[in-house]
Amino acid sequence: MDSCSQFQHFWTMKALIFYESFIGNTGKVAQAIADSLAPVAAVSAKAVGEFKPSDLQSIDWLIIGSSTRGFRPPSETQKFLSALKPTSLEGKYISPFATRIELDTIKSSLFHCLLNTAGYAAKSIARTLVKKGGVLNGEPQGFSVLGKEDPLVEGELEHAHNWVKTLIN
């Protein structure tokens, strides 16, 4: 596919970004993703708590992000995932992401082991969305925060822009 037809393909796509953000980091990443997609796709972003089943009818691509709480997505995101009908994402692209504390910054060996085994929210979200018929577009992505209530690690918004480039190429 040449670059012109690839551009036309994405411009006709409608993407929806749902996110759950406690202190604003996941929202900042969602906005960076939306800003990166805007030149090539019709995109909107909103909090996952605003979900209506009709939101999924006219989209081609669902991008969903959350923080990682207890090795999984927080409650509003879990409610959203549970509310999806078994085939509600049939044939739609999905791209999950999560904000998280980096594994190499964790000092507790027990917590380190648990996190290494259980993983982060993005992979859990991806598994659920694929079960609901979604087609994974890119690997589930993580964006690092300095700590539980801390800001994003420097460079993570640029990381979001770069991730989008990999998704549309």
Side-chain angles (χ1 to χ4, degrees), residues 1 6 8-38 40-101 103 114-145 156 159-169:
M1 180 182 299
Q6 181 181 20
Q8 290 170 345
H9 168 71
F10 278 102
W11 183 249
T12 61
M13 289 191 85
K14 292 181 182 173
L16 178 59
I17 303 169
F18 275 128
Y19 64 91
E20 183 173 4
S21 190
F22 284 102
I23 62 170
N25 290 326
T26 308
K28 288 176 185 174
V29 173
Q31 190 58 56
I33 291 168
D35 292 347
S36 295
L37 277 176
V40 296
V43 60
S44 61
K46 59 181 167 178
V48 75
E50 300 175 33
F51 170 71
K52 295 179 202 85
S54 61
D55 290 332
L56 300 178
Q57 292 174 356
S58 65
I59 65 162
D60 305 296
W61 189 3
L62 176 64
I63 302 165
I64 181 168
S66 77
S67 58
T68 300
R69 303 281 179 173
F71 314 110
R72 60 180 189 254
S75 62
E76 283 296 316
T77 302
Q78 289 185 49
K79 286 180 199 174
F80 164 78
L81 295 170
S82 295
L84 293 174
K85 298 200 181 323
T87 59
S88 59
L89 297 174
E90 197 72 36
K92 297 183 187 302
Y93 293 110
I94 58 162
S95 300
F97 70 93
T99 53
R100 71 220 190 149
I101 299 170
L103 189 60
L114 287 170
L115 191 53
N116 195 34
T117 303
Y120 294 105
K123 287 184 181 182
S124 170
I125 293 169
R127 283 190 298 273
T128 301
L129 296 177
V130 167
K131 286 179 186 175
K132 306 283 182 164
V135 177
L136 192 60
N137 179 21
E139 289 298 313
Q141 197 64 46
F143 297 92
S144 300
V145 296
E156 287 302 87
H159 174 191
H161 292 295
N162 291 332
W163 182 53
V164 169
K165 288 177 189 174
T166 69
L167 299 175
I168 62 176
N169 286 327

Work out which heavy atom in [X] is nearest to a heavy atom in [Y]; give both atom names and the distance.
X      : Y      : value
Thr99  : Ser67  : OG1-CA, 3.2 Å
Asp60  : Met13  : OD2-CA, 3.2 Å
Glu20  : Pro74  : OE1-CG, 3.3 Å
Ala30  : Ile17  : O-CD1, 3.7 Å
Gly138 : Leu167 : CA-CD2, 3.7 Å
Lys46  : Asp55  : NZ-OD1, 3.1 Å

Open item on the list: Using the rule given for side chain to side chain contact (heavy atoms under 4.5 Å, CB included), can you reason through Ile63 versus Val164, listing the C-alpha separation, both sets of side-chain angles and the distance that settles it, and then say yes or no?
Closed with: CA-CA 10 Å; Ile63 302 165; Val164 169; over 6 Å; no

Answer yes or no: is there a donor N or O on one side and an acceptor on the other, between the side chain of [X] and the main chain of [Y], under 3.5 Å?
X      : Y      : result
Ser95  : Asn137 : yes
Glu156 : Val145 : no
Thr26  : Ser21  : no
Lys92  : Ile59  : yes

- [ ] Kindly indicate whether the side chain of Ser66, heavy atoms from C-beta on, has any atom under 4.5 Å from the side chain of Val48.
- [x] no

How many angstroms lie between [atom1] in [X] and [atom2] in [Y], if you round to the nearest 0.5 Å?
X      : Y      : atom1 : atom2 : value
Leu37  : His161 : CG    : NE2   : 10.5 Å
Gln57  : Lys52  : CD    : NZ    : 12.0 Å
Leu136 : Leu129 : CG    : CG    : 9.0 Å
Lys132 : Arg127 : NZ    : CZ    : 14.0 Å
Tyr19  : Glu76  : OH    : CD    : 13.0 Å
Lys165 : Asn162 : NZ    : CG    : 5.0 Å

- [ ] Give me the ring orientation class for Phe143 and His159: parallel if the planes are under 30° apart, tilted from 30 to 60°, perpendicular past 60°.
- [x]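 The rings of Phe143 and His159 sit tilted, inter-plane angle from 30° to 60°.
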
- [ ] Let me know which of Thr128, Ile125, Val130 forms a side chain to side chain contact (heavy atoms under 4.5 Å, CB included) with Ile94.
- [x]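 Answer to the side chain to side chain contact (heavy atoms under 4.5 Å, CB included) test with Ile94 among Thr128, Ile125, Val130: Val130.
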
Open item on the list: Checking ring-ring contact (aromatic ring centres under 6.0 Å, His included) between Phe18 and each of Trp61, Phe51, Phe97, which is the one that passes?
Closed with: Phe51

Open item on the list: Tell me whether the count of non-hydrogen atoms from other residues, nucleotides or ligands lying under 6.0 Å of CD in Glu139 goes above 12.
Closed with: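 It does not: Glu139 CD has 12 such atoms or fewer within range.
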
TODO: Step through the shown structure and confirm whether more than 12 heavy atoms of other residues, nucleotides or ligands are within 6.0 Å of NZ on Lys85.
DONE: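 No.
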
